[in-house]
Asker: 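Take this structure, written in structure tokens, and hold onto it; I'll ask about it next.
All ligand and atom numbering here is 1-based and tracks the order in the structure. Note that the structure is predicted; figures quoted are calculated from it, not measured.
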Amino acid sequence: MRLSIKMYLIIFISASVILYQYHLSNAWLISQNSQEFHVLNPKTNEKLRNVSLFNITSSISNSTRPTTPCFQELEDVLPPLYVITPTYRRPEQLAELTRLSHTLMLVKNVFWIVVEDATSKTPLVGELLKKTGLKYEHLIAPMPEQYRKKKKGPKPRGVSNRNRGLQWIRQNAKTGVLYFADDDNTYDLQLFAEIRYTKRVSMFPVGLITKLGVSSPIVRNGRFSGFYDGWVAGRKFPVDMAGFAVSVEFLLKRPKALMPFKPGFEEDGFLKSLEPFEPQDIELLASNCTKILVWHTQTKKNEPSQPLDFAKYNNTNLVMLKQILV
Ligand code: UDP
Ligand code: MN
């Protein structure tokens, strides 16, 4: 009888020691690597992800932004970011959307509004969106026939898509910030951290624009003093589509704001339609426009793939691959 009590005691102490060591090893893993959360439950994972993202966003210049890395504050108080992406079916489409989706997957509280210039949704785009785990809306808005048929000169690319995105925001959003993110540009995560606190309209430099290499507000003695852009063309707002963000509340107070089908003047037309709004009202981001947080990259155009010789390759993987290609 005495022996068995001793045995129970030994088993109990051993189990306690093992459990305590397991607890210690988890705590060590957390402190060593906040990017690797495999050992933790989903709630803790989420909190840690916030902390690592806070490290990315902590150098925001505006003093009104939160500065304490509090878990709950980051989760609940972050204003939503509505990213409107126009896209259309072409050989590069899935590659562009894959790249952009991986950027957005690193951004907290983002809502991706993907609008295809098409008469029906591309199923492969739908699958891609689902896979990201992001909050998203998959919409279509074809370019009106009169512009599509145009043989000469530039077309208003992505305008019907962006206007559809604006319509969705008017119907579904109340607060937060909207940003037009073309599918082929390159975005620094810091950009999303900064535009999130836009009160009216914020602006920042865009790299790889015209021969000047950049399009940006000019800042003199810390204040806005004009625009630097290789193609001014009498525009009141000579800026790139990627160079500004707009507060949702600000937009909702301007029910007529829309993007015109006017190639080259889409940004200018939209920003003018936000009146009352003047260049002096712009909020300057990217450390007073001294940094480039977005690049107007352009992917090389690819020819559509050649038809597959089905007689030769029937019953092979190539049949399935061909279904992915344009
Ligand atoms: N786009 C579109 N329909 C078109 C051409 C372009 O929806 O017929 C989209 C495209 O996917 C991109 C945006 O509109 O997100 C701007 O187009 P593009 O990148 O070709 O313009 P660029 O950057 O060369 O001015
Ligand atoms: Mn582009």
Asker: Does any part of the side chain of Leu293, heavy atoms only, come nearer than 4.5 Å to the side chain of Phe204, both counted from C-beta?
Answerer: no
Asker: Where's the contact between Arg90 and ligand 1, heavy-atom distance under 4.0 Å: side chain, backbone, both or neither?
Answerer: side chain
Asker: Should Asp229 and Arg235 count as an ion pair when the cut-off is N to O under 4.0 Å?
Answerer: yes
Asker: What do we get for Asp182 next to ligand 1 when only non-hydrogen atoms under 4.0 Å count, side chain, backbone, both or neither?
Answerer: both
Asker: Are Arg157 and Asp117 within salt-bridge range, i.e. N to O under 4.0 Å?
Answerer: no
Asker: Can a donor-acceptor pair be found, under 3.5 Å and without considering hydrogens, that links the side chain of Arg89 to the backbone of Lys121?
Answerer: no
Asker: Give the ring-plane orientation class for Phe111 versus Tyr82, where under 30° counts as parallel, over 60° as perpendicular and anything between as tilted.
Answerer: tilted
Asker: Students should be able to answer this: which protein heavy-atom is nearest to atom 19 (O) of ligand 1, and at what distance?
Answerer: Asp184 OD2, 2.8 Å
Asker: Which option wins on minimum heavy-atom distance to atom 3 (N) of ligand 1: Asp117, Thr87, Asp240?
Answerer: Asp117
Asker: Going from NZ on Lys155 to CD on Gln146, what distance comes out if it is rounded to the nearest 0.5 angstrom?
Answerer: 12.5 Å
Asker: When you measure from atom 23 (O) of ligand 1 to every protein heavy atom, which one gives the shortest distance, and what is it?
Answerer: His296 NE2, 2.9 Å
Asker: Counting non-hydrogen protein atoms only, what is the nearest one to atom 14 (O) of ligand 1? Give residue, atom name and distance.
Answerer: Gly158 CA, 3.6 Å
Asker: Just to confirm my output: which protein heavy-atom neighbour is closest to atom 21 (O) of ligand 1, and how far is it?
Answerer: Arg157 NE, 3.2 Å
Asker: Which one holds for Gln298 and ligand 1: side chain close, backbone close, both close, or neither close, with close meaning a heavy atom under 4.0 Å?
Answerer: side chain
Asker: What protein heavy atom sits nearest atom 6 (C) of ligand 1, and how far away is it?
Answerer: Tyr88 CE2, 3.2 Å
Asker: Between Glu116 and Thr87, is there a donor-acceptor pair closer than 3.5 Å when you use the side chain of the first and the backbone of the second?
Answerer: no
Asker: Which one holds for Asp183 and ligand 1: side chain close, backbone close, both close, or neither close, with close meaning a heavy atom under 4.0 Å?
Answerer: both
Asker: Using 30° and 60° as the class limits, which term best fits the ring planes of Phe180 and Phe244: parallel, tilted or perpendicular?
Answerer: perpendicular
Asker: Closest to the Mn ion (ligand 2), which N/O/S atom of Asp184 is it?
Answerer: OD2
Asker: Any idea which part of Met241 is under 4.0 Å from ligand 1, heavy-atom wise: side chain, backbone, both or neither?
Answerer: neither
Asker: Honestly, is Arg254 close enough over Phe250, meaning NZ or CZ under 6.0 Å from the six-membered ring centre and within 45° of the axis?
Answerer: yes
Asker: Side chain, backbone, both or neither: which part of Arg162 has a heavy atom under 4.0 Å from ligand 1?
Answerer: side chain
Asker: Please write down residue, atom name and distance for the protein heavy atom closest to atom 15 (O) of ligand 1.
Answerer: Pro86 O, 2.7 Å
Asker: Any idea which atoms of ligand 1 are less than 4.0 Å away from a heavy-atom of Asn161?
Answerer: 7 (O)
Asker: For the residue pair Phe261 and Tyr147, does the interplanar ring angle fall in the parallel (under 30°), tilted (30 to 60°) or perpendicular (over 60°) class?
Answerer: parallel
Asker: Measure Met143 to ligand 1 on non-hydrogen atoms and call it side chain, backbone, both or neither using the 4.0 Å cut-off.
Answerer: side chain
